[in-house]
Number of protein chains: 2
Amino acid sequence: MSVKYAILGLLHYKDMHGYKIKKHIEQNFGHMWTINHGQIYPALKKMEDEGLVTVTRVDQEGRPSRKVYSISEKGMHTFRSWLESDPEKNMLLRDPFLTRFVFFGFGSKERALEIIGEQIKLYEKYLKKRQDNLVRWQRQDIYVRLIAELGVRLNEMFLSWLRYAYHEISKDMEKTRGEQGQQALGGLT
Amino acid sequence: MSVKYAILGLLHYKDMHGYKIKKHIEQNFGHMWTINHGQIYPALKKMEDEGLVTVTRVDQEGRPSRKVYSISEKGMHTFRSWLESDPEKNMLLRDPFLTRFVFFGFGSKERALEIIGEQIKLYEKYLKKRQDNLVRWQRQDIYVRLIAELGVRLNEMFLSWLRYAYHEISKDMEKTRGEQGQQALGGLT
DNA sequence: TCTACCATGTAATCTGTTACATGATTGC
DNA sequence: GCAATCATGTAACAGATTACATGGTAGA
């Protein structure tokens, strides 16, 4: 369970509660790691049972109370042996937008441009967020800073590709104006 | 099941057997989609039961025989309604290398550089493959060509980041020569 | 008034990974 | 001789998503 080790890693920096862990991952590592709250709460509970973390309930005024977790000695050892051992696993990646993109040739170009336009807006928003991160992480741990830089570069590259794609498809649409239906299908390898 | 729709999409181009589908995805879409054969064979079977595809057994000399799948009318309709409908799902992304990278500060810099060096070699290999794809897809369907371009750009960006990271960490190592242990931990948000 | 955000949790379901199972051929 | 590639499949397990469940506050 890589979620487990990732949480243990984050708890090295500071104590956190489940909701915060999720927000933190989205904010800082969204370009390399996605997560649901349905994974975090059961994971934290299990880690508590295993003695890897300890909990303190913190009540708040006007807000639901938090369960703040701290890493234990045992948790640190567990984390360290994970960090030092282990052959790398494969990357897991599923991007529904790109999966659809491949097959845009079987639908209308107008719809394709519409969907690409939405992605552009979305990634413009992400880019701002990641640029903020970069500033915040500038004087911190070198690895976290490098990860933030990757986030910005990745986002910039993806945005520039999206705009290029938009442009290329528009061009192609003008070229084939008057014609209709699908393009000729290429011969797949 | 996005695996299902992706297979239906591929079968629009040409008939394929399970093993080929896997190879094809790895070769052409590895930068946006990873897959195991343990997903493909059961999916194909299920799709056959649902009447989305038809099968033909093709015997070969000196090799195991293949089960070649073709998309049916029903399969095309199913695919088309998927393509046109549907709000986008979230991206699923898990990169074990980057997850480890974030926490390299808790291990040794030498080990970090070693692991980064391995990734550089790996992505140099991938880059070659993706550049080959780009040439092969140059005159094909615009969307597939654009996806191939994304693959190359993504790979180039990642490689340049890896080299930059390697350099930055080396620099940092020299700066702190003589000192030992970990860096100061930054205050997380 | 309605949406978004804060904050936790569980259960059912859906997906993905790994190991087991088999076995021939090609290239180093 | 050994590893990789071709080719299919299943079963057990691990991991991820969604919906259900609850409920207050802040801002548009």
Side-chain angles (χ1 to χ4, degrees), chain A residues 1-7 15-27 30 32-49 53 55-69 82 86-96 99 125 129 189, chain B residues 1-7 15-27 30 33-49 53 55-69 86-96 99 125 129 189:
Chain A
M1 213 214 290
S2 74
V3 169
K4 175 167 134 180
Y5 297 107
I7 292 175
D15 296 349
M16 281 195 226
H17 55 102
Y19 190 84
K20 178 76 173 288
I21 290 171
K22 182 169 183 279
K23 289 283 152 186
H24 187 77
I25 290 170
E26 281 168 2
Q27 177 77 27
M32 45 167 276
W33 194 16
T34 55
I35 199 154
N36 301 300
H37 79 273
Q39 287 169 269
I40 290 177
Y41 295 114
L44 285 169
K45 198 181 188 183
K46 210 184 153 208
M47 286 157 74
E48 197 198 335
D49 293 343
V53 292
V55 202
T56 318
R57 177 168 289 276
V58 177
D59 294 311
Q60 302 180 104
E61 303 154 49
R63 301 211 157 275
S65 51
R66 296 165 168 174
K67 286 176 76 174
V68 176
Y69 292 86
W82 167 76
D86 256 347
E88 300 297 332
K89 280 195 179 181
N90 291 322
M91 185 162 86
L92 168 61
L93 175 56
R94 201 116 320 154
D95 186 329
T99 304
K125 211 180 70 186
K129 194 199 280 184
T189 335
Chain B
M1 210 215 291
S2 74
V3 168
K4 175 167 131 179
Y5 297 106
I7 292 175
D15 297 348
M16 280 195 228
H17 53 102
Y19 189 83
K20 178 76 173 287
I21 291 171
K22 182 170 183 279
K23 288 284 151 182
H24 187 79
I25 291 169
E26 284 168 0
Q27 178 77 27
W33 194 16
T34 56
I35 200 155
N36 301 301
H37 81 273
Q39 288 170 269
I40 291 177
Y41 295 115
L44 285 169
K45 198 181 187 181
K46 207 182 156 212
M47 287 158 74
E48 196 199 335
D49 294 343
V53 293
V55 201
T56 318
R57 178 168 288 277
V58 177
D59 294 311
Q60 303 180 106
E61 303 154 48
R63 299 211 158 276
S65 51
R66 295 165 168 172
K67 286 176 76 175
V68 175
Y69 292 85
D86 253 347
E88 301 295 333
K89 282 194 177 181
N90 290 322
M91 185 162 85
L92 169 60
L93 175 55
R94 202 113 322 152
D95 187 328
T99 304
K125 212 180 68 186
K129 196 199 278 184
T189 335

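Chain letters run A, B, ... following the sequence lines, proteins first and then strands; every chain starts at 1. Quick note: numbers below take in every heavy atom, side chains included, and nothing from hydrogens, waters or symmetry partners.
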Nearest heavy atoms of Val53(B) and Tyr69(B), plus distance in Å: CG2-CD2, 3.8 Å

Residues which pass side-chain hydrogen bond (donor to acceptor under 3.5 Å, both in side chains) with Gln27(A), listed by chain and number, not counting sequence neighbours: Asn133(A)

Distance in angstrom units between Glu26(B) CD and dT5(D) C1', rounded: 12 Å

Phosphate-side-chain proximity, Tyr19(B) and dT8(D), N/O vs OP1/OP2 below 4.0 Å: no

Reported CG-to-CG distance for the pair Leu93(B) and Leu92(A), which is rounded to 0.5 angstrom: 7.5 Å

Inter-axis angle, terminal five-pair segments of the helix from dT1(C)-dA28(D) to dC28(C)-dG1(D) [nearest 10°]: 60°

Residue list, side-chain hydrogen bond (donor to acceptor under 3.5 Å, both in side chains) with Asp95(A), at least two apart or on another chain: none

Interatomic spacing from NZ in Lys20(B) to CD1 in Ile25(B) - rounded to 0.5 Å: 12.0 Å

Pairwise 5' ranking along DNA chain D for Arg94(B) and Val68(B), keeping only the more 5' one: Val68(B)

Interface limits on DNA chain C, where chain A has a heavy atom under 4.0 Å of a nucleotide atom: dC5(C) to dT18(C)

Results of side-chain contact (heavy atoms from CB on, under 4.5 Å) for Asp59(B) - residues two or more places apart only: Arg57(B), Ser65(B)

Atom pairs and distances, donor-acceptor, side-chain atoms in residues 35-47 of chain B, under 3.5 Å, two or more places apart:
from     : atom 1 : to       : atom 2 : distance (Å)
Gln39(B) : OE1    : Asn36(B) : N      : 3.2

Anything under 3.5 Å between a protein N or O and an N or O of nucleotides 24-28 of chain D, put it in a table, one pair a line.
none

Interatomic distance where CG belongs to Asn36(B) and P belongs to dA14(D) [whole Å]: 16 Å

Whole-Å gap separating P (dG15(D)) and NZ (Lys4(A)): 9 Å

Whichever of Lys67(B) and Met91(B) has its nearest DNA chain D nucleotide further upstream toward 5': Lys67(B)

Value rounded to 0.5 Å, distance of CD in Glu26(A) from CD1 in Ile21(A): 12.5 Å

Sugar-phosphate only, base, or nothing, as touched by Thr34(B) at under 4.0 Å among non-hydrogen atoms: nothing

Rounded interatomic separation in angstrom, taking CD1 from Ile40(B) and P from dC6(D): 14 Å

Nearest-0.5 Å distance, OG1 of residue Thr99(A) to OH of residue Tyr5(B): 13.0 Å

Whole angstrom value for the distance that separates P of dG15(D) from CG of Leu92(B): 13 Å

Any residue meeting salt bridge (Lys or Arg N to Asp or Glu O under 4.0 Å) with Lys67(A), in chain and number order, not counting sequence neighbours: none

Contact under 4.0 Å: Gln39(A) side-chain N or O vs dA16(D) OP1/OP2: yes

Quick one: which protein N/O atoms are closer than 3.5 Å to N/O atoms of nucleotides 10-12 of chain D? Pair and distance per line, please.
from    : atom 1 : to       : atom 2 : distance (Å)
dT10(D) : OP1    : Lys45(B) : NZ     : 2.8

For Arg66(A), all residues meeting side-chain hydrogen bond (donor to acceptor under 3.5 Å, both in side chains), sequence neighbours excluded: His17(A), Gln60(A)

Distance in angstrom units between Lys23(B) NZ and dT8(D) P, rounded: 12 Å

His24(B) NE2 - dA7(D) P separation (whole Å): 15 Å

Residues forming a side-chain hydrogen bond (donor to acceptor under 3.5 Å, both in side chains) with Thr34(A), sequence neighbours excluded: Arg94(B)

Contacts of Tyr19(A) that satisfy ring pair (Phe, Tyr, Trp, His ring centres under 6.0 Å) - sequence neighbours left out: none

